[in-house]
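Heads up, the thing below is written out as structure tokens.
Start at 1 and go down the list; that is how both ligands and their atoms are numbered.
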Amino acid sequence: MSETPVISLVNMGAGYGKRTILSEVNLTVERGEFVGLIGANGAGKTTLLRSLLGLVPGATGEIRILGSTPASARTRIGYVPQKHQFQWDFPITVKDAVMTGRSAHLGLFKRPSSDDWVAVFSAIKRAGIDHLSQRIIGELSGGQRQRVLLARALAAAPELLLLDEPFTGVDAPTQDMLNVLYRELAAEGLTIVMSTHDMLSAREACTRLVGVRETLALDATARSLSVQELHHWLTGRSEQTPTLHQKGTA
Ligand code: ATP
């Protein structure tokens, strides 16, 4: 019997008020895939990620995460928001910020157990920020902040990791280090979906690229698409979605 897909979207739609952002979205993502969700600014990438978390009211169609509804699967999903969405002026240390990723395991008003601290320090080590664990989060650079957000998501031992624009404001060496880590995590069985408008970096890092433009207009193994094809698709200069190299045929 085949494994339950990590993500299954059937005829999904999402929007805000009367405005439709995404429609007729069909997507299946299997365990261990590293998917780059690419598209121009405002294409609906974040809306799609937030729909997977059950955070877009009125999303339509079928959304199944690990065979469950987004609400039921919430504790199995790690979410790394865009950096500006986190409150960096809150005067807490890195280790305490990472502990906030364990909140679903802690429950209300519960003190962290030694298991929680083991999970937090293991995630901190994985993200390569052991040396920063006692630092106040507001003092950190963009790349360091990205790693704190990643550690915070990993602290809950998720089965699905959603990364929203993780390359923004991150220097090239940190980006390279994180890409190696994402690939290692995917090889260990973690499923990763990353939104980005940086299609070159996505092509380098991911195993599969999915293009968002009102619906899912492109779906291919990452290296099967040339840089030129991707550029034309992203800038809308080619009405023709590349069809020569569909997913799985590279
Ligand atoms: P970016 O790369 O700029 O983050 P994106 O592809 O992630 O873009 P979304 O953030 O999903 O795009 O936004 C898609 C559209 O939905 C945009 O036009 C945006 O203004 C609109 N939008 C996003 N969030 C809301 C909201 N809470 N209420 C109303 N409109 C919204």
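The ligand atoms of ligand 1 that sit less than 4.0 angstrom from a heavy atom of Glu165 are 2 (O). Contact atoms of ligand 1 toward Lys45: 2 (O), 5 (P), 6 (O), 7 (O), 8 (O), 11 (O), 12 (O) (distance under 4.0 Å to a heavy atom of the residue).
For atom 20 (O) of ligand 1, the closest heavy atom belonging to the protein is Arg19 NH1, 4.1 Å. Atom 8 (O) of ligand 1 has as its closest protein heavy atom Gly42 N, 2.7 Å. Of the protein's heavy atoms, Asn41 ND2, 3.2 Å lies nearest to atom 3 (O) of ligand 1. The closest protein non-hydrogen atom to atom 4 (O) of ligand 1 is Gln82 NE2, 3.5 Å. Looking at atom 12 (O) of ligand 1, its nearest protein heavy atom turns out to be Gly44 N, 3.2 Å. Closest to atom 22 (N) of ligand 1, if we only count protein heavy atoms, is Tyr16 CE1, 3.4 Å. The protein heavy atom nearest to atom 13 (O) of ligand 1 is Thr47 OG1, 3.9 Å. With hydrogens left out, the protein atom closest to atom 10 (O) of ligand 1 is Thr46 CB, 3.5 Å, a heavy atom.
A salt bridge is absent between Arg183 and Glu188: the closest approach of a Lys/Arg side-chain nitrogen to an acidic carboxylate oxygen does not fall below 4.0 angstrom.
In this structure, Thr196 and Leu37 have side chains that are not in contact, with every pair of non-hydrogen atoms separated by 4.5 Å or more.
Taken from NE2 in His84 to CG in Asp164, the straight-line distance is 8.0 Å, to the nearest 0.5 Å. The distance from atom CG of Asn26 to atom CG of Leu216, rounded to the nearest 0.5 Å, is 7.5 Å.
Here Ala40 has backbone heavy atoms under 4.0 Å from ligand 1, and that is the only part of it that gets that close.
At under 3.5 Å, not a single nitrogen or oxygen of Ile21, backbone or side chain, sits near a nitrogen or oxygen of ligand 1.
Side-chain atoms of Arg31 never come within 3.5 Å of backbone atoms of Thr4 as a donor-acceptor pair (strictly under, hydrogens ignored).
Pairing each heavy atom of Gln85 with each of Pro81, the nearest pair is OE1-CB, 3.3 Å. Residue Arg102 comes nearest to Ala156 through the heavy atom pair NH1-CA, 4.1 Å, listed as atom of the first residue, atom of the second, then distance. Contact record, Val170 with Gln175: CG1-N, 3.7 Å, taken as the closest heavy-atom pair.
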